[in-house]
Structure formats: C-alpha cells, structure tokens
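Sequence lines set the chain letters: A, B, ... in the order given, protein chains first and strands last, and positions in each chain run from 1.
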Amino acid sequence: MSAPEKRDGFVVFDGVQKSYDGETLVVKDLNLSVARGEFLTMLGPSGSGKTTCLMMLAGFETATHGEILLDGRPINSVPPHKRGIGMVFQNYALFPHMTVGENLSFPLEVRGLGKSDREKKIMRALDMVQMGAFANRRPAQLSGGQQQRIALARALVFEPELVLMDEPLGALDKQLREHMQFEITRLAHDLGITTVYVTHDQTEALTMSDNVAVFDDGRIQQLDPPDVLYEAPCNSFVAQFIGENNTLNGIVKEIKGETCIVELDGGEVIDAKPVNVQKVGERTTVSIRPERVEANKSRLDDDAHTIKAEVMEFIYMGDVFRTRLKVAGNENFIMKTRNAPDQVRHKPGDMIEIGWMPTDCRALDHA
Amino acid sequence: MSQADATQAAPPKREKLFTADGTPLRKALERANRRRKLTALALVGPLLAFILIFFAFPIAQMMWRSVDNPQIVNALPRTLQALDTWDGQGLPNEAVFAALHADMIEDLDRPRREQTIGPLGIRLNYELSAARSAISRTSRAVQNFEAPYSDAFMDAHRLWGQPELWRIIKREGRPLTLSYYVAATDREYDEAGNIVKRPENRQIYVSLFGRTLALSLAITFMTFALGFPIAYFLANMPMRYANLLMIAVLLPFWTSLLVRTSAWIVLLQQQGVINELLVNIGLISDANRISMIYNQTGTIIAMTHILLPFMVLPLYSVMRTIPVSYTRAAKSLGATPWTAFRRVYFPQTLPGIGAGGVLVFIISIGYYITPALVGGQSGRMISNEIARHIQQSLNWGLAAALGTMLLVGVLVLYWLYNRLVGADSLKFG
C-alpha cells in the first residue's frame, strides 16, 4: 500500500474516518495526499466510501475523526461556501429556473463581482467549453452533453484551485463520454487546477488520471498511476476490479527471489511473481491478464512451466481473438490474442499448451 | 401493389395507401382504434354524465336564474300592454287599471297550481316591501270590483296609488332582468330609472365581497406561513418518518368538521381554555379576555387549520422532487445557506406555492360552514349571505346573482394567475 505519510500535499486526508450510524465505519483510516495540479481519481464500487470522501472534502459531510487539509489549512470546520472548491455534480445540478448565463453568473454574484467583470468571465468560461452561443438558453433546452459542459464551466468560472467531480459523465452515452473524458483532462491540465474525480468506471479512471486511488470497504486498496495499477495490482481486489483478469487458486511451493512456484489445486505447477505471499505453503490466488497469456511456445522462456488447456469457445472480435479455455478446472480462463496473419484460430475441443512470463503472473492474497 | 414497388424509395406524391387486402389505410386504422376509443369512453362516461347532470347543469341553472324574470310577464300581460304608453309620471290612466282587473280576474279562474298572482307578489316584494300584501289583499277582493277600477284598487290597498309600484311593474315586466345584479352590487333604480348607489346604511354586498377576499387572502397567507416550514421539514427527512408525520398533517381531513369546530369553541371562547390559562398566569386581567371566536379571528384561525393540508401537500410533493444537490451546488459555488435557499431552493418551490395558494384561496373564498359556525357577525363571508337568501329570505334570484359573481370572480382570478404565472406550472401532487 502506498498511502503517503507526509502532510505537504495540496489536499491532505490525515487519518480520516467517517461513520453515519455510530456502529459501522464507511471510511476507515483514510490517508491521502494530492499534489497541486494533480488529477486524482477515486475509483471503487458503490458503497466503497469514495463519494463520502468527496463530500467530506466539499464540506457536505463532516469527518467523524481525523483531519482534512487544503493548502496546509485544516478545513474541517470551514463551511462549504467558504472553501472555494468548484464542484461538478452527478446530475449536473444546473439551476433550472436560471438561464445558462445566470447559472454561471451565480458564483460571481455571490462573490460581489461587478457586471462587466462577470460578463467577461462568463464568456471566457463558456468559450472554454465551446458553449459561447448558449448563454440565454435554459438548462432544460440543452442536451445531456451540453448540460455537462455548462456544469463544468460553472464549476470553473470563479477560478477555483481545486475542482471536485462526482461521476460527472455517468449519464452520457459512450461516445460522448469518451469525448468529454478527453476534454475534461485537457481543461484540467491547461488551467493547472487540482482535480479530484470520483467514478466507478475503470476506463474513465485509467484514461484521465495522473493517479488513481482504488477504494474498497472504506479503505484505499492501491494508489498509483494508471499503468502501475493495471500492470502491477497489489492485491486480488485491485486485480479483479481493474481490467479483465484470470485467476487460479493454489499453494506456494517455492520462493526464490523474484519468482515463485505455485502448485494449483489440480496439481499443475506454474511460475509466478510473489507479490502478496510471504512463505511457502501459503494459499494464493494468482492473476494473469488475458493478453499476457501465450499459446506460442517459441515466445516463452525455455525453462518456463507450461500448462494444458482445453479450448471451450473461440470468439472472433475483429481486432482480437478471444479464446475461452478450461485451465486447471477454471472454465472461464480467457486468452486474448491479436488478429495477426500467423495467429492460430483455435477450435472448441482443441488441447493446447499455454504459458506466460513469470512477471505477468502475480501471486496475490487468497481471494 | 407488387413487392418490387413496395420496396422502392418513398413515393414522390402522397398517394392514398391501402392495406394488403385493399381497404383504405385510414379506414383500417379507424376500425383498429375504434375499440380503444369505445373503452376510453366507457371509462370516462359515467363520471362525465355525473358531472354534466350534477355539476354543469345546476351551475347553468343558477346562472340562468339570476336573470330569469317570468313572474310579471306571466301574471299581467294586458296590464303591461296598457302600460306601454304610460310615461312614468303620476299614476297610469283608467285603462291600465281595467287591464289589471282583467288580468287578476283571469288568474282566479285558473287551477290553483297554475295561478300566477302568488309568484307576482313575491317578485314585487323583492323590489318593494309590502308589495306582496298589497297583491294578496287585492286579489281576494278583486271579484267585487266595479268601474272605475282605479278607485277600487286604491281602496283595496294604498300602494296602488303610488307611482313607484307602477314604475317597478313597467320596468320588470320583461322576461329577463338585471335587477338582481343591481341589488347584488349595492345599487338601485331611482325615479328616472337610472342605476344609482344605495344609501350607505343599506349597502351590504360589496363590502362583504371585499371582506371575503381579504379573509381568503389572510387565510392563504397563514397556511403558507405555517405550511412552508412543515413541508420543508417533511421533505428533508427520511421517508418513513415523513410518512408518519404526514398523517399528523392530514389529521384535519379525518376528523368530523363539527368535532373540530366544537374543539375550537372549547379552546377559544371567552371562558375557554386559552383565555382561562392567560388569566390564570396573569397575562391578561379577567375583564379583558380576548375574543377569538365568533369574529374574524375565529374564522381565520379555524379555516387556516382546516385548509392547511391543501397547502402542505402540494408544497411537500414539489419539495420532495428538488434534489439536495441544487442547494449543495449553490453552496459549493460560494453562496451562504440563506442565499442558496433564497435564490436556488425557494424559486423551485414556486409551483407548489402557486398550487397550494390557488387551492386554499379558491376553497376559502366559497367556504360556508366554518364561518357560519365560528365567524359570528364580523367573520361572515359572502357564501353565508348566499345561503341566507336561499334558505331564509327565499330570494333565489339574488342568491344566484351573488353566486354567479363569486364564480366569475374566481374564474377571473384564476385567469389572472394563469396569465402571470402560468397554470401549467401548478403541481398538485
């Protein structure tokens, strides 16, 4: 676990706990530091505590224990309207009785800005999201994607240093979502603002963030850049939650430095990289990404262990082939291969031998 | 049409389309929809018939009654013809009295149920008190009258010698009349037949309309002031507690009106619970007990209580649909809680306030039973006056005119509301 102990980030959660009913903790001992200008995503299944963390940072929930610091100042007792944090809500929360312009003008009016200043800033913010022509529309007259842009512009118009986003793209269709992902990251980096983004969509988290904090059960399971998170998950939950993943259960037979030998429940022996196992004899769940499974023996190390597999199903997906295998009793073992001219197209019933680089097969805690 | 034709691109002209077996498409569609239409009609039919018979028809009947004026035309056809040439000055000539005699004699020969003299007396009495006794006394003696009839009539009752009675007969001797509306607006006809204001001590209705309006506004405001916080409180609490408390709000619906009214009397009267309490703790002296019932205060207190649910329910249902994220968004944008409420939350409750306000106002403007029971003299409303004319003075024409004015007034107010706010923004639940 790589939670930082230092308190010098722009946003710092220091030992934060949260309980709603006094009996169970929704957030358990949260330590997190976000650097200035960083795009951090809180990713996790629903009920994992990520939204609660965001609400505590925004000031709509109070921490039961621990401290939240913004730019070095504790903000636990600062009311939301004095925190100066921009926020984009899940359903956009555009005020329906105001026009787009009035919505954007609202944060400037409550800050007492003059009319000409306001108009200048509103136009700049609208142009930023390419909505300059829509100032006189009502939110109800806009499409979901347009409302999303306005919500973004409204959260940015008063130039906050920190912007929070609570599943802002959840209501959009796939294509628009991908487009907005790109636009949000571009804006965040261009403006140099710090962003804390909450989502349960792992693709969103991987494509947008500098760092991703994976939440489960009220704790951060792993906090790392997207590539590390995907390629080197530090426990079974993260491995399962991020991307597609094959798992096999077994017992550790031998550990030598960077590799270990695992005897699967069916008696087969495989190579793996020990991540979460300490000693011989421990039960473990090994995890292999489908695209790292190799059926071509010539691409494997000479001394690599291979394992027999029965082809259950072959699915042609255009750019890739997806082969479902039965491996060591697991009938849902997936192998993904690139559609190349020399690639073999297996048929159901074929018996093949598969293997992998020991570093791609991670021996994790038993799930 | 062959298969190949059908699959071709859309035809350039809108040709008449046919189904596969050759019937016109429009006809086939109609036939297919007929069953659905019939079902719809069968579903709304009973209620529609009920509303027509027991709501629309009586209202039309009432409005007709406010201008309907058959009594004089039916009873005195000859007299009215003879009066045609009378200039309204002094007394009519002998020919008119002879015609009156002939009309009254003819009426005596009719079967009792068809006699027109009785209704004539009642009708004339609306305009001139004592006219009814003049008519009935004359009608008993008219068989023995001999010419000259003018003397005979004036001997029978002094009223026949007054030009005012003759002016009324001539003026109201037509099938439709405005006189009920003239009376309902505190006006009367002068000697020349012009409509003028009544003397001040006989003006009732205009000020009563004004009072009804003012009381209704006060009650609407009171229900709003008391109902808004409750609705807000309920809308922002967990569903199961909210439902429980909603029952408490709806309690006035579930208790008998008379029980509630009795409770108000027990509480509010001069020797009642509240006054006794205030006297006992020394806040007021025994001589200065507050009168809170049988006056306007009583009407306002009791009706506010009764109509409160009509304000709370629409407000609650509107507030339930306002997500908490709006207020949160406003706060995150830098608004203080009060600004967030005033500029973001409150404007979104307006449809509920409008619906509740219109509902409470329209119900209270025609409310009858509570003002009658606890309103005393100063807490009476226009509906009590209408009821009095229907049940006691039996002047149904005047009651109908007052009722029509009330109805039109409400419709005008509703129209105004629609113009200013828009009725489609109303949300009742």
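Ranked by heavy-atom pairs under 4.5 Å with chain A, the first of Val324(B), Thr339(B), Thr327(B), Thr336(B) is Thr336(B). Comparing Pro323(B), Ala340(B), Pro347(B) by how many heavy-atom pairs each has under 4.5 Å with chain A, the most go to Pro347(B). Most heavy-atom pairs under 4.5 Å with chain B, from the set Pro96(A), Gly84(A), Pro79(A): that is Pro96(A).
Residues Phe60(A) and Lys331(B) are in side-chain contact: their nearest non-hydrogen atoms beyond the backbone lie under 4.5 Å apart.
Panel note: side chain His97(A), backbone Tyr345(B); no donor-acceptor pair is recorded below 3.5 Å. Remark: side-chain polar atoms of Arg111(A) are paired, donor with acceptor, to backbone N or O of Leu333(B) under 3.5 angstrom.
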Worked verdict on Ser332(B) versus Ile85(A) for side-chain contact (heavy atoms from CB on, under 4.5 Å): CA-CA 6 Å; Ser332(B) 83; Ile85(A) 300 174; over 6 Å; no

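Atom CZ of Phe221(B) has 12 or fewer neighbouring heavy atoms from other residues, nucleotides or ligands inside a 6.0 Å radius. With a 6.0 Å radius and a threshold of 12 heavy atoms from other residues, nucleotides or ligands, Phe182(A) has its CZ atom at or below the threshold. Counting heavy atoms of neighbouring residues, nucleotides and ligands inside a 6.0 Å radius, atom CZ of Arg240(B) does not exceed 12 of them.
The CE atom of Met55(A) sits 5.0 Å away from the CZ atom of Arg328(B) when rounded to the nearest 0.5 Å.
For Leu94(A), the part sitting under 4.5 Å from any heavy atom of chain B is the backbone (N, CA, C, O) and nothing else. If you measure heavy-atom distances from Phe89(A) to chain B, the contacts under 4.5 Å come from the side chain alone. Heavy-atom distances place no part of Gln90(A) under 4.5 Å from chain B, backbone and side chain included. Contact annotation for Asp166(A): neither backbone nor side-chain heavy atoms come within less than 4.5 Å of a heavy atom of chain B.
Phe95(A) approaches Ala329(B) most closely through the heavy-atom pair CE2-CB, 4.1 Å.
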